[in-house]
Every structure is written in C-alpha cells, then in structure tokens.
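This report concerns only the one structure given below.
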Amino acid sequence: MPIKYELDHEQSMKLFEAMSKIPKLSEELANKVLHGEGSKIMMQKIIDFIPVSKVDKKHAKSSKPLKDTLINLGFEIKTKGGAAKNKNSFGYLVFPNEGRGSSNPIAQRFFEKGMEQSNPEIFEQLLTALDEAHNIIGK
C-alpha cells in the first residue's frame with residue numbers, strides 16, 4: 001500500500017506563492033528537499049509507528065522495510081519486496097496496516113499516521129528552502 005506525499009489546499013497555495021517568487025529555481029529546490037530529507041523523514045515517521053510482535057524473529061521495524069520512488073515534486077513510499085514469502089520482503093506490512101488477519105483485527109494505519117506526522121516538517125523545510133533562496137537571489 002504505497003503512499004504519496006501530498007499537500008492540502010492551504011499548503012498548496014502557500015507553496016505556489018513561495019515558488020512564484022523564484023520560478024526558475026523553485027522546482028529544482030523543491031525536488032531537492034522532497035527527494036533528500038523529505039522522503040527520509042516520512043519513512044522514519046512511518047517506521048516509528050510500525051508495530052513489533054512479541055515473536056522472537058527479525059522485525060520489519062528494525063530492518064529498513066521501506067523504499068521510496070522519487071517523482072517530480074514528490075515521492076512515493078512503499079514496503080520493500082512483494083509477497084511475504086520472499087526473502088527480505090516486507091510486503092506483509094500492508095496487512096497489519098489494514099487490520100487483516102486473526103491475530104490483528106484492528107487497522108494500525110502506520111503509513112497514514114507517519115505521513116500525517118511528517119507532513120508539517122517536510123512542508124516547513126520546503127518553504128524554508130524556497131524563502132532562503134528568494135532572500136539570496138532577491139537581494
């Protein structure tokens with residue numbers, strides 16, 4: 001279950017305003033923030049919410065279970081691998097997130113929680129990078 005970094009309407013308008021001040025550099029700067037720290041911040045926040053079972057085994061939470069796909073002005077986060085039967089795959093993470101199965105009937109929603117918690121920090125970094133560039137170029 002991949003998730004994408006998205007802005008709400010108010011954030012979109014603020015970002016549009018900041019980007020319009022430096023139109024030639026804004027896309028490059030935004031991609032630098034999103035593809036650098038942005039995706040890392042979101043992955044860590046998601047990992048923070050991943051549950052750990054009491055079973056003595058290798059857990060996804062401590063095994064870098066996520067990967068990012070970088071897209072223009074955004075990124076997508078998903079679990080590594082595919083089916084849980086594949087070595088080094090954490091595809092099973094979709095099931096606790098949705099609350100499937102007899103041992104986990106309650107949806108954990110760790111992807112959504114991580115996205116919600118990381119959104120303000122990533123957005124602030126975007127605005128800061130654009131404002132700093134505008135202050136340097138605008139002077």
Side-chain angles (χ1 to χ4, degrees):
M1 173 181 172
I3 58 167
K4 292 181 182 180
Y5 179 73
E6 297 176 340
L7 302 174
D8 63 26
H9 178 71
E10 184 179 329
Q11 289 174 319
S12 295
M13 297 310 294
K14 286 181 181 178
L15 188 60
F16 174 77
E17 183 180 318
M19 291 178 86
S20 66
K21 293 177 183 175
I22 50 169
K24 293 182 181 180
L25 292 174
S26 61
E27 183 177 351
E28 180 182 342
L29 286 170
N31 277 327
K32 186 176 179 181
V33 170
L34 292 171
H35 297 170
E37 286 300 308
S39 65
K40 289 177 186 156
I41 290 168
M42 186 173 290
M43 282 193 281
Q44 186 55 55
K45 297 290 185 185
I46 292 168
I47 290 169
D48 290 347
F49 284 105
I50 292 177
V52 178
S53 73
K54 295 176 181 151
V55 177
D56 186 25
K57 65 176 184 173
K58 181 178 177 182
H59 293 284
K61 187 169 189 155
S62 59
S63 302
K64 297 184 180 180
L66 306 174
K67 64 180 178 179
D68 59 358
T69 302
L70 306 178
I71 56 178
N72 190 38
L73 297 176
F75 55 83
E76 183 178 79
I77 307 290
K78 55 187 162 188
T79 59
K80 286 185 179 177
K85 66 181 179 180
N86 297 340
K87 186 177 180 179
N88 295 324
S89 171
F90 298 106
Y92 68 87
L93 288 177
V94 71
F95 300 119
N97 194 45
E98 294 181 358
R100 292 189 194 172
S102 58
S103 62
N104 184 43
I106 300 169
Q108 302 285 326
R109 300 285 178 217
F110 49 86
F111 269 83
E112 292 85 349
K113 290 176 186 175
M115 181 178 66
E116 289 169 9
Q117 194 172 76
S118 63
N119 186 300
E121 185 176 350
I122 296 168
F123 183 67
E124 190 61 39
Q125 285 191 10
L126 274 170
L127 288 182
T128 299
L130 292 167
D131 286 343
E132 286 175 358
H134 176 256
N135 289 338
I136 292 170
I137 294 170
K139 292 182 179 182

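Computation of the quantities below employed the complete heavy-atom set of this structure, encompassing side-chain atoms and omitting hydrogens, waters and symmetry-equivalent molecules. Residues take their numbers from the sequence shown, with the count starting at 1.
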Measuring from atom [atom1] of [X] to atom [atom2] of [Y], what distance do you get when rounded to the nearest 0.5 angstrom?
X	Y	atom1	atom2	answer
Lys14	His9	NZ	NE2	11.5 Å
Ile46	Phe110	CD1	CZ	8.5 Å
Thr69	His35	OG1	NE2	10.5 Å
Leu34	Phe123	CG	CZ	11.0 Å
Lys67	Ile77	NZ	CD1	11.0 Å

Side chains of [X] and [Y]: closer than 4.5 Å at any heavy-atom pair?
X	Y	value
Lys45	Met115	no
Ile41	Gln125	yes
Leu130	Lys21	no
Met42	Leu66	no

Next item on the list: Report yes or no: does His134 contribute a side-chain atom to a donor-acceptor pair with the main-chain N or O of Ala129 at less than 3.5 Å?
Entry: no

Give me the atom names and distance for the closest heavy-atom approach of [X] to [Y].
X	Y	answer
Gly74	Asn31	N-OD1, 4.2 Å
Ile47	Pro65	CD1-CD, 3.8 Å
Gly36	Ser39	O-OG, 3.8 Å
Phe111	Lys78	CE2-CA, 4.3 Å
Asn119	Gln11	OD1-NE2, 2.7 Å
Leu73	Met19	CD2-CE, 4.3 Å

Item checked: Worked check of side-chain contact (heavy atoms from CB on, under 4.5 Å) between Lys24 and Ile137 -> CA-CA 11 Å; Lys24 293 182 181 180; Ile137 294 170; over 6 Å; no

* Evaluate side-chain hydrogen bond (donor to acceptor under 3.5 Å, both in side chains) for Gln117 paired with Asp48, printing each intermediate quantity in order. => CA-CA 10 Å; Gln117 194 172 76; Asp48 290 347; over 6 Å; no

### Task
Answer yes or no: does atom CD of Gln44 have more than 12 heavy-atom neighbours from other residues, nucleotides or ligands under 6.0 Å?
yes

Derivation and outcome, side-chain contact (heavy atoms from CB on, under 4.5 Å), residues Lys40 and Glu37: CA-CA 5 Å; Lys40 289 177 186 156; Glu37 286 300 308; 4.2 Å; yes

Is it possible for you to say whether Ile122 and Leu70 belong to one hydrophobic cluster, with membership spreading through side-chain heavy-atom contacts below 4.5 Å?
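Cluster IDs for Ile122 and Leu70 match.
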
Quiz item: How far apart are the C-alpha atoms of Phe16 and Leu7, what are their side-chain angles, what is the distance that settles it, and do they pass the side-chain contact (heavy atoms from CB on, under 4.5 Å) test?
Solution: CA-CA 11 Å; Phe16 174 77; Leu7 302 174; over 6 Å; no

Requested in this report: Applying side-chain contact (heavy atoms from CB on, under 4.5 Å), run through Glu28 and Leu25 and close with a yes or a no.
Outcome: CA-CA 5 Å; Glu28 180 182 342; Leu25 292 174; 4.2 Å; yes

